[in-house]
S.K.: 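Once you've had a glance at the structure underneath, I'll fire off some questions.
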Amino acid sequence: MRDVLPEAARRWRVVEDTLRRVLAGFAYEEVHLPLLEFTELFSRGVGEATDIVAKEMYSLEDRDGTGITLRPEGTAGCARALQQAGLLFNQTQRVFYTGPMFRYERPQKGRYRQFAQIGAEVFGLAGPDVDAELLALSWNFWQALGIESQVTLELNTLGSAQCRADYRRALVDYLTPQAKALDEDSQRRLTSNPLRILDSKSAQTREILVNAPSLPDYIDTASRDHFARLCELLEQLGIGWTHNPQLVRGLDYYTHTVFEWVTAALGAQGTICAGGRYDGLVELIGGKPTPGAGFALGLERVILLTENHGYLAEQDFSTASDVYCCVLNAADQGWAMSVAANLRQAQPNLRVRVHAGGGKLKNQLRRADLCGASWALIMGEDEVANNQVTVKSLRDATAQRTVAISALAELLK
Ligand code: ATP
Ligand code: MG
């Protein structure tokens, strides 16, 4: 579990604000959801056989013995919340949430045990137009950050729940006689989550898969039409994609469209955003049948990408303040704090820090330099008496000027 310290947090804030602006532009509404849910929500909603539920959850007993779990993902909780509030019945919803998720994984670059997602979910709309909207929304994220040349979209359809079940049976029938030749994980998945075997990295398993039944052969006409319409809309929107028939996603609740935005720039942790349609989920957790679709974006991975690519790659996040007020006499501290308050009001984008703790001007200027300020405002006896400050550039030793307080904000603009 990582600490996000000031410099990293500054970049984080800018990335998150950018993504929030895009979400606001699509009129998605924010929801705040609890970090803890009943364990049962995930074992039902995400699926017993998934990696998440089988081996990644942080589960504990509440004081009354109830099983609760730190959320490993947001979709199940989001569906639960809207369902419980009666917001899914005969209505449509477009919402998003941000915040930490928890999974017991092997930590490495881009993979942590506490990580943050931004998730967007749409309920009550079954058509491919919604799938296209979600892809347009995520595409706009990458454009807003200037990283669109770094990502590609992989798309697949799992068909209806029926198609998925039929294919699952065919795959199991094909693999069972050769089960002993599969890798260990795949052997286990054969009975629990066979579609995930398609994801296997084992060379021997991959060889066996070459002649396996192919998912596209099991997709019915209605599902094909759904997918074809989605592809048409993406074409009109100018969003490129590649078909990845092996893409099945780890979670049990997906039907029809599944997708991942992947990048080659982050090594093994290349998926920065993933999602799809999950028409069966609401019913699975006890609601009326309600179509749904959504995605979750891994914020840490997106932030990592912005460090070397896009508009934020060159931006300087190293400084903590722009202006540092040096107060030479302890008696003038209140005066200095009021000058700073007025300056912040006049120039809301300026980060203004007032020296605290007294000391010599030389030491105060050193502090100013350490926090990255461009300007020091020197407030000595003469300045205070005349309602002035001396503005000193910390970048250019010769630039120094004494100005009236009334002219300060304009000068620093
Ligand atoms: P992966 O295959 O990388 O484990 P996943 O399929 O388990 O990903 P999802 O459950 O689809 O991931 O979560 C959506 C996104 O959240 C991922 O695409 C990724 O960007 C991010 N994510 C998932 N797990 C982690 C993690 N442990 N640390 C950081 N980001 C993560
Ligand atoms: Mg995972």
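Keep in mind the model is a prediction, meaning the values are calculated, not measured. Atoms within each ligand, like the ligands themselves, are counted from 1 in listed order.
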S.K.: Under 4.0 Å from any heavy atom of E105, which atoms of ligand 1 are there?
M.R.: 24 (N), 25 (C), 26 (C), 27 (N)
S.K.: Given Q108, R111, Q269, which has its nearest heavy atom closest to atom 3 (O) of ligand 1?
M.R.: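 Result: the heavy atom closest to atom 3 (O) of ligand 1 is in R111.
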S.K.: Would you please determine whether R103 falls within less than 4.0 Å of ligand 1 on a heavy-atom basis?
M.R.: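 Flag set, R103 near ligand 1.
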S.K.: Not counting sequence neighbours, which residues clear salt bridge (Lys or Arg N to Asp or Glu O under 4.0 Å) with D183? List them please.
M.R.: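 Not a single residue meets the salt bridge (Lys or Arg N to Asp or Glu O under 4.0 Å) criterion with D183.
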S.K.: Give the atoms of ligand 1, by number and element, whose distance to some non-hydrogen atom of A274 is under 4.0 Å.
M.R.: 11 (O)
S.K.: May I ask you to identify, for I272, whether its side chain, its backbone, both or neither come under 4.0 Å of ligand 1 on a heavy-atom basis?
M.R.: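 Answer for I272: backbone.
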S.K.: Could you label the plane-to-plane angle of the H256 and H226 rings as parallel, tilted or perpendicular, counting under 30° as parallel and over 60° as perpendicular?
M.R.: parallel
S.K.: Under the side chain to side chain contact (heavy atoms under 4.5 Å, CB included) test against E16, which residue among L299, V302, I303 passes?
M.R.: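 With E16 as partner, side chain to side chain contact (heavy atoms under 4.5 Å, CB included) holds for just one option, L299.
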S.K.: Return the CD1 to CD distance between I272 and E260, rounded to the nearest 0.5 Å.
M.R.: 11.0 Å
S.K.: I'd like to check which ligand 1 atoms, numbered from 1 as shown, lie under 4.0 Å from a non-hydrogen atom of C273.
M.R.: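 Atoms satisfying the 4.0 Å criterion: 18 (O).
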S.K.: Does the plane of the ring in W139 sit parallel, tilted or perpendicular to the ring in W261? Use 30° and 60° as the thresholds.
M.R.: parallel
S.K.: Which donor-acceptor pairs under 3.5 Å do the side chains of residues 140-153 make with protein atoms, sequence neighbours left out?
M.R.:
| unit_1 | atom_1 | unit_2 | atom_2 | d |
| --- | --- | --- | --- | --- |
| W142 | NE1 | S138 | O | 3.3 |
| Q150 | NE2 | H309 | ND1 | 3.2 |

S.K.: Could you check whether any heavy atom of E300 sits closer than 4.0 Å to an atom of ligand 1, since that is the contact criterion I want to use?
M.R.: no
S.K.: Which is closest to atom 31 (C) of ligand 1 by heavy-atom distance: Y104, F102, F115, Y112?
M.R.: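 Result: the heavy atom closest to atom 31 (C) of ligand 1 is in F115.
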